Amino acid sequence: MNHTSLIQIIKVGELQNKTFEGRSYQVQECECILINDDGTPEAVGVLRLGDQMRGDKAPTVGTYSAKFSLKPSPKDRKIGAVLTGLTPAGKQPPAAAPRPQ
């Protein structure tokens, strides 16, 4: 199950190594502002970064079109949103080269 939303990342947390009930896992989260279609803030909250977006691959502060998926938490199995992809907001595809005349 994948979804997309416009978000502004305002802080990226540190990669954390954790253990719960004898199971080791890593967590990295970012604090975000969810942005409405009209560009106004809707809410502020925390999103977990997916495995492929942690550590050196973590995003930087900025505004993005965010793809996320619903996954269970490794700690308590509660299902929540996990960031799985980011595209900088307003990024346009490269312009086509002009045709020779």
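Along the sequence shown, the residues carry numbers beginning at 1. Predicted model only: the values in this text are computed from it and were never measured.
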Open item on the list: If the condition is side-chain contact (heavy atoms from CB on, under 4.5 Å), which residues does Gln8 pass it with, not counting sequence neighbours?
Closed with: Ile10, Ile33, Ile35, Thr63
Open item on the list: Lys71: which residues meet the side-chain contact (heavy atoms from CB on, under 4.5 Å) condition with it, sequence neighbours left out?
Closed with: Arg48, Ser69, Val82, Thr84
Open item on the list: Using side-chain heavy atoms (C-beta onward) and a distance below 4.5 Å, is Leu86 in contact with Ile7?
Closed with: yes
- [ ] Could you list the residues that satisfy salt bridge (Lys or Arg N to Asp or Glu O under 4.0 Å) with Arg54, not counting sequence neighbours?
- [x] Asp51
Task: With Val46 via side-chain contact (heavy atoms from CB on, under 4.5 Å) - residues at least two apart - done: Glu29, Glu31
Task: Heavy-atom pair of closest approach, residues Leu83 and Ala66 - done: CD2-CB, 3.7 Å
Task: Residues in side chain to side chain donor-acceptor pair (under 3.5 Å) contact with Lys57, at least two apart in sequence or another chain - done: none
Task: Flag if over 12 foreign heavy atoms under 6.0 Å of CD, Gln52 - done: yes
TODO: Could I get the full list of side chain to side chain donor-acceptor pair (under 3.5 Å) partners for Thr40, not counting sequence neighbours?
DONE: Asn36, Asp38
Open item on the list: Suppose we screen for side chain to side chain donor-acceptor pair (under 3.5 Å). Which residues come up paired with Ser65, at least two apart in sequence or across chains?
Closed with: none
Open item on the list: If I compare all heavy atoms of Leu49 with all of Cys30, which pair ends up nearest, and what's the gap?
Closed with: CD2-SG, 3.9 Å
Open item on the list: Would you say that more than 12 heavy atoms from the other residues, nucleotides or ligands in this model lie under 6.0 Å from the CZ of Arg77, or not?
Closed with: no
Open item on the list: Do Ile9 and Leu6 sit in one hydrophobic cluster, given that two such residues count as connected whenever their side-chain heavy atoms are within less than 4.5 Å of each other, even indirectly?
Closed with: no
- [ ] Please round to the nearest 0.5 Å and tell me the distance separating atom OG of Ser5 and atom CG of Leu34.
- [x] 6.5 Å
Open item on the list: Checking Asn17 now: which residues fulfil side chain to side chain donor-acceptor pair (under 3.5 Å) with it, not counting sequence neighbours?
Closed with: Gln26
- [ ] Taking side-chain contact (heavy atoms from CB on, under 4.5 Å) as the test, write out the residues that go with Tyr25, two or more places apart.
- [x] Lys18, Phe20, Val27, Pro74, Lys75
Task: Shortest non-hydrogen contact from Gln28 toward Gly13 - done: NE2-O, 2.7 Å
